[in-house]
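All values below were derived from every heavy atom in this structure, side-chain atoms included, with hydrogens, water molecules and symmetry-related copies excluded. Both counts, for ligands and for their atoms, begin at 1 and track the order of listing.
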Amino acid sequence: MNLAVIGLQWGDEGKGKAINYLAPEYEVVVRYQGGHNAGHTIYHKGEKIILHLLPSGIFSPSTVSVIGNGVVVNPVKLTEEIKGVEKFGVNCNNLVLSSTAPLILPEHQQLDVVFENSRYIEIGTTRRGIGPAYEDLTGRRAVFTGDLFDKDRFYNKIKPLNEYYNKLIRTFNGKEIELESYIDEYIEYGKFLKEFTKNSIYLLNGFLKQGKKILFEGAQGVLLDINFGTFPFVTSSNPTVGGMFTGTGLPHKSLDTITGISKAYTTRVGGGPFPSELKGDTGEYLRKQGNEYGSTTGRPRRVGWLDLVALKYAVMVNGVDDIFLTKLDVLDELEEIEMVTGYQTDGDISTIFEPDHIYLDNVTPVLKKFRGWRSDTSGIKVYKDLPEEAKEYIRFIEEFSEIPVRAVSVGVSSEQTIKNCKE
Ligand code: IMP
């Protein structure tokens, strides 16, 4: 049975831990969107490792890890990451890089910075060139990993692009990028990446035919989706279900189950609406307790209560089958916990999530209070041992979202996972 794991919030839900925990059951793990804006934190043999581009299956030696055609690839960062994990004794022989993944060029990163500095709304991007690289794909100008292996081909493709980009960069008073400053370097990175690069579309479909078990690894989250998220405060790809197929070339029938990852509360990095945001002491407490600082940029994350209206929307637009609830232990000491069950505007209460930032900025969240359990859950291994108040909290999430919670995470290590959430 093939599985997809996606974030149900604004990213940082703990997908790295969940996927690393589930990966050994799968023979293939494929990333289908995003780039090195992602930061999937994994504890491998007691060491904390943050993966940005490598699929989280990389630590499982028998798993084939595929960077699909929907991922935007910075060859410098990918090379550094491969060499970085190899230092931890991880073998990347089973890594596959799609030959049709769009490249992130230095100009893209520069454009991301100048756009951020000059836009009337600051999105708070990771400034890694993700948006401009995807713009070039839809603008039909993109250059792909497969173009890196022949200098003339690469040069001829990027020469007119470089002129075009520099015109744009000049308009925004940014620093122009000289093609000659990086072309040889990119060709060298290409030499290193060549052994991993394949036609991933045929390869993945071959695995499907052979009946190999495939896991689709989402990056970011549903509320950051370019089509379904809180536009314009979104990323430039589709973490949602459609992205799995455009980003791999696998047919929709290849997917059997979708597990959505949600924290027991909510966080977001960057700008944008956040109806359940906590700005006072409780917010500060959760940020500290949950170590809520961006794994890619180090920025403090904004924190708030779990928003069930948003969660149910995320479940709906993806047909999510079950939930992997993370960081329950972060709530352990709270006397009272709240969840959003509706949005109030001018006396009306709605349970519809309109992904419209002006609307969301102006709603008052309707909050349901829960008694805290005030005990340490981090060592609990089976569901029946959880405090009654924690079970009540989980049952309410299931009731509201109308899907089961399949597992609960109560700490960073794989062992701190309660996998069967039935009495
Ligand atoms: P970009 O993806 O760098 O263009 O950034 C767009 C928005 O998505 C910003 O608010 C980022 O903070 C957010 N974002 C991008 N990647 C992640 C992620 O992996 N986790 C959380 N937020 C992210």
Colleague: For ligand 1, which atoms, with element, lie under 4.0 Å from some heavy atom of Gly124?
Modeller: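 Heavy-atom distances to Gly124 below 4.0 Å select 9 (C), 10 (O), 11 (C), 12 (O).
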
Colleague: Any side-chain heavy atom of Ile397 within less than 4.5 Å of one from Met339?
Modeller: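 The answer is yes, as the side chains (C-beta and beyond) meet within the 4.5 Å cut-off.
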
Colleague: For residues Thr326 and Lys17, is any side-chain donor paired with an opposing acceptor at under 3.5 Å?
Modeller: no

Colleague: Pull out every atom of ligand 1 sitting under 4.0 Å from any heavy atom of Trp10, numbered as shown with elements.
Modeller: 21 (C), 22 (N)

Colleague: Which is it for Asp112 and ligand 1 at heavy atoms under 4.0 Å: side chain, backbone, both or neither?
Modeller: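 Answer for Asp112: neither.
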
Colleague: Check Phe233 against ligand 1 and report side chain, backbone, both or neither, counting heavy atoms closer than 4.0 Å.
Modeller: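 Looking at Phe233 and ligand 1, no heavy atom falls under 4.0 Å.
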
Colleague: Polar-atom distance check: Asp12 versus ligand 1, any N or O pair below 3.5 Å?
Modeller: yes

Colleague: Compare all side-chain heavy atoms of Glu217 with those of His40 and state whether any distance is below 4.5 angstrom.
Modeller: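 Yes. Closest side-chain heavy atoms under 4.5 Å.
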
Colleague: Hey, does Asp136 have a side-chain heavy atom less than 4.5 Å from the side chain of Pro102?
Modeller: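 Result no, sub-4.5 Å side-chain heavy-atom pair not found.
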
Colleague: Under 6.0 Å between ring centres: does that hold for Phe88 and His44?
Modeller: no

Colleague: Is Ser236 near ligand 1, meaning one of its heavy atoms is under 4.0 Å from it?
Modeller: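 No.
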
Colleague: Is there a donor in the side chain of Asp322 and an acceptor in the side chain of Thr259, or the other way round, less than 3.5 Å apart?
Modeller: yes

Colleague: When you compare ligand 1 with Arg127, is there at least one nitrogen or oxygen pair between them that comes in under 3.5 angstrom?
Modeller: no

Colleague: Which of these, Arg287, Arg299, Arg268, Lys327, sits in a salt bridge (charged side-chain N to carboxylate O under 4.0 Å, His left out) with Glu292?
Modeller: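 Single pass found, and it is Lys327.
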
Colleague: Using heavy atoms and a threshold below 4.0 Å, how should the contact between Arg268 and ligand 1 be classified: side chain, backbone, both, or neither?
Modeller: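 For Arg268, no heavy atom sits under 4.0 Å from ligand 1.
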
Colleague: Which residue supplies the protein heavy atom nearest to atom 17 (C) of ligand 1, what is that atom called, and how far is it?
Modeller: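 Minimum-distance protein heavy atom for atom 17 (C) of ligand 1 reads Gln220 CG, 3.5 Å.
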
Colleague: Using a 3.5 Å cut-off on N or O atoms only, is Thr235 in polar contact with ligand 1?
Modeller: yes

Colleague: Take the angle between the ring planes of Tyr186 and Tyr182 and call it parallel below 30°, perpendicular above 60°, tilted in between.
Modeller: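 Tyr186 and Tyr182: perpendicular rings.
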
Colleague: Would you mind reporting whether Tyr155 and Ile183 have side-chain heavy atoms less than 4.5 Å apart?
Modeller: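 Touching, per the 4.5 Å side-chain cut-off.
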
Colleague: I need the atoms of ligand 1 closer than 4.0 Å to a non-hydrogen atom of Arg299, numbered in the order shown.
Modeller: 11 (C), 12 (O)

Colleague: Ile123 heavy atoms, cut-off 4.0 Å: which ligand 1 atoms fall inside?
Modeller: 10 (O)

Colleague: Quick one: which of Leu224, Val269, Leu223 has a heavy atom closest to atom 8 (O) of ligand 1?
Modeller: Leu224

Colleague: Which residue owns the protein heavy atom closest to atom 6 (C) of ligand 1, what's the atom, and how far is it?
Modeller: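 Its nearest protein heavy-atom neighbour is Val234 O, 3.3 Å.
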
Colleague: Considering both backbone and side-chain atoms of Thr125, is one of its nitrogen or oxygen atoms within less than 3.5 Å of a nitrogen or oxygen in ligand 1?
Modeller: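 In fact, backbone or side chain, Thr125 has no N or O that close.
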
Colleague: For Gln220, which of Thr235, Asp225, Asn37, Asp12 qualifies under side-chain hydrogen bond (donor to acceptor under 3.5 Å, both in side chains)?
Modeller: Asn37

Colleague: Looking at atom 3 (O) of ligand 1, what's its closest protein heavy atom, distance included?
Modeller: Thr126 OG1, 2.5 Å

